[in-house]
Amino acid sequence: MSKPTPLIAGNWKMNGLAASLDEARAIAGGLGATPARVAICPPAILIHRMAQALSGTAVLVGGQDHHWDDSGAFTGDVSAEMLVDAGAALAILGHSERRTGYRETDAVVAAKVQAALRAGLEPIVCVGETLEQRKAGDALAVVTGQVRGSLPAELAGRPFSVAYEPVWAIGTGLTPTTPEIEEVHRAIRETLVELFGDFGRTPPILYGGSVKPGNAAEILHADEVGGALVGGASLKAEDFLGIIRAL
Ligand code: PEP
């Protein structure tokens with residue numbers, strides 16, 4: 001079976017105004033030949049304008065979250081269909097900042113994944129252990145448990161990816177060692193095959209957590225690493241391109 005096509009996605013979180021579209025244009029303009037699919041996930045309010053700014057380029061646009069229901073009385077929320085309507089092709093779901101800050105459980109994440117699939121969005125489902133869980137020797141159990149709980153059966157045959165993001169590595173400058181990353185990625189792959197059979201070998205497993213141009217080559221070439229989910233370093237075209245070129 002051929003290796004999954006790598007995906008490198010930038011998570012802009014709650015950063016970026018209309019002027020930041022120039023940075024997205026610079027990313028698209030500097031992309032050149034790459035084996036990766038590249039995506040930028042800006043705040044929801046920027047998706048429409050970013051999709052227009054990047055139209056005709058190879059860079060995809062994604063959302064960072066959406067509601068599990070398709071429409072209704074959910075003040076302040078956006079639906080998966082609204083993200084598609086605005087020009088998004090993918091959605092980050094279950095990011096640890098949502099799991100922690102908004103108490104999203106695996107069941108909530110799984111319901112959001114189902115909503116993404118109904119709308120035609122490609123989910124990037126995030127999982128990852130806290131430092132306490134790693135220190136207690138529970139990293140593999142926590143991560144594989146999140147994979148089982150957050151990935152509904154409807155994903156079979158659909159494009160999606162899993163992003164392994166150790167909570168303690170996000171925005172901290174800390175990263176696991178390459179063998180630690182590989183151990184978790186292999187466990188995720190085994191779980192995907194358990195859940196989906198041979199199809200479980202096809203989704204890329206991204207690494208996320210303090211990926212920078214300086215450490216990207218080692219991380220991206222590690223076993224079972226099929227790309228990256230990049231926070232801080234995706235906000236500057238030069239840094240994001242440096243990561244993409246490390247593949
Ligand atoms: C993230 O939030 O998904 C992330 C990986 O952030 P950073 O790259 O800034 O650690």
Side-chain angles (χ1 to χ4, degrees), residues 6-16 20 23-24 27 36-44 46-47 59-66 83 88 90-102 104 109 112-113 116 121-131 133-134 139 142-143 146-147 150 160-178 180-181 184-185 188 203-220 222 224-247:
L7 171 65
I8 300 189
N11 174 11
W12 279 18
K13 310 193 185 191
M14 199 170 71
N15 297 293
S20 320
E23 214 63 42
I27 291 167
R37 299 166 71 224
V38 174
I40 306 173
C41 304
L46 277 184
I47 288 175
V59 180
L60 301 163
V61 180
Q64 299 173 11
D65 180 48
H66 56 71
L83 296 186
L90 309 96
I92 300 168
L93 295 171
H95 192 283
S96 64
E97 286 154 17
R98 306 268 342 156
R99 289 180 184 266
T100 309
Y102 299 85
E104 288 190 7
V109 177
K112 289 185 174 195
V113 171
L121 279 176
E122 175 181 330
I124 302 172
V125 184
C126 302
V127 295
E129 83 285 359
T130 63
L131 192 55
Q133 290 165 333
R134 174 157 285 273
V142 167
V143 168
Q146 288 175 333
V147 170
S150 307
F160 77 96
S161 56
V162 175
Y164 168 52
E165 300 207 303
V167 178
W168 51 274
I170 294 177
T172 60
L174 302 171
T175 49
T177 63
T178 300
E180 284 170 340
I181 293 174
V184 178
H185 278 237
I188 293 173
I205 304 172
L206 319 185
Y207 169 78
S210 297
V211 179
K212 309 272 182 254
N215 61 15
E218 179 165 353
I219 292 172
L220 289 170
E224 284 294 3
V225 172
L229 182 54
V230 184
S234 69
L235 292 165
K236 286 258 163 290
E238 197 186 329
D239 289 347
F240 196 44
L241 289 170
I243 292 168
I244 295 163
R245 288 184 190 128
L247 194 66

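Both counts, for ligands and for their atoms, begin at 1 and track the order of listing.
A side-chain donor-acceptor contact under 3.5 Å links T130 to the backbone of Q133. In terms of modelled atom types and a separation under 3.5 Å, the side chain of N15 and the main chain of G231 share no donor-acceptor contact. Remark: side-chain polar atoms of R99 are not paired, donor with acceptor, to backbone N or O of G128 under 3.5 angstrom. Formation of a donor-acceptor pair under 3.5 Å by the S210 side chain with backbone atoms of A169 is found in this model. When atom types are taken as modelled, the side chain of E104 and the backbone of V109 share no donor-acceptor pair closer than 3.5 angstrom. At distances below 3.5 Å, not a single donor-acceptor pair connects side-chain atoms of Y164 with backbone N or O atoms of P166.
Near I170, meaning under 4.0 Å from any of its heavy atoms, are these atoms of ligand 1: 1 (C), 2 (O), 4 (C), 6 (O), 10 (O). Taking every heavy atom of G232 and a limit of under 4.0 angstrom, the matching atoms of ligand 1 come to 7 (P), 8 (O), 9 (O). Atoms of ligand 1 found under 4.0 Å from any heavy atom of K13 (numbered from 1 in listed order, with element): 1 (C), 2 (O), 6 (O). Per-residue contacts place G209 under 4.0 angstrom from the following atoms of ligand 1 (heavy atoms of the residue considered): 5 (C), 10 (O). Near G171, with a cut-off below 4.0 Å to any heavy atom, the atoms of ligand 1 are 7 (P), 9 (O), 10 (O).
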(message) For E122 and R37: C-alpha separation, side-chain torsions, deciding distance, then whether salt bridge (Lys or Arg N to Asp or Glu O under 4.0 Å) applies.
(response) CA-CA 13 Å; E122 175 181 330; R37 299 166 71 224; 2.9 Å; yes
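Remark: ligand 1 and S210 share an N or O pair separated by less than 3.5 Å (distance only, no angle test). At least one N or O atom of G231, backbone or side chain, sits closer than 3.5 Å to an N or O atom of ligand 1.
The nearest heavy-atom contact from the protein to atom 5 (C) of ligand 1 is E165 OE2, 3.0 Å.
Y207 and I219 make their closest contact through CD2-CG2, 3.6 Å (heavy atoms, listed as atom of the first residue, atom of the second, distance).
Counting heavy atoms closer than 4.0 Å to ligand 1, residue N11 contributes side-chain atoms (C-beta onward) but none from N, CA, C or O. At a 4.0 Å heavy-atom cut-off, ligand 1 touches A169 through the backbone alone.
The closest approach between a heavy atom of A233 and any atom of ligand 1 is not below 4.0 Å. Proximity of H95 to ligand 1 is established by a heavy-atom distance of less than 4.0 Å.
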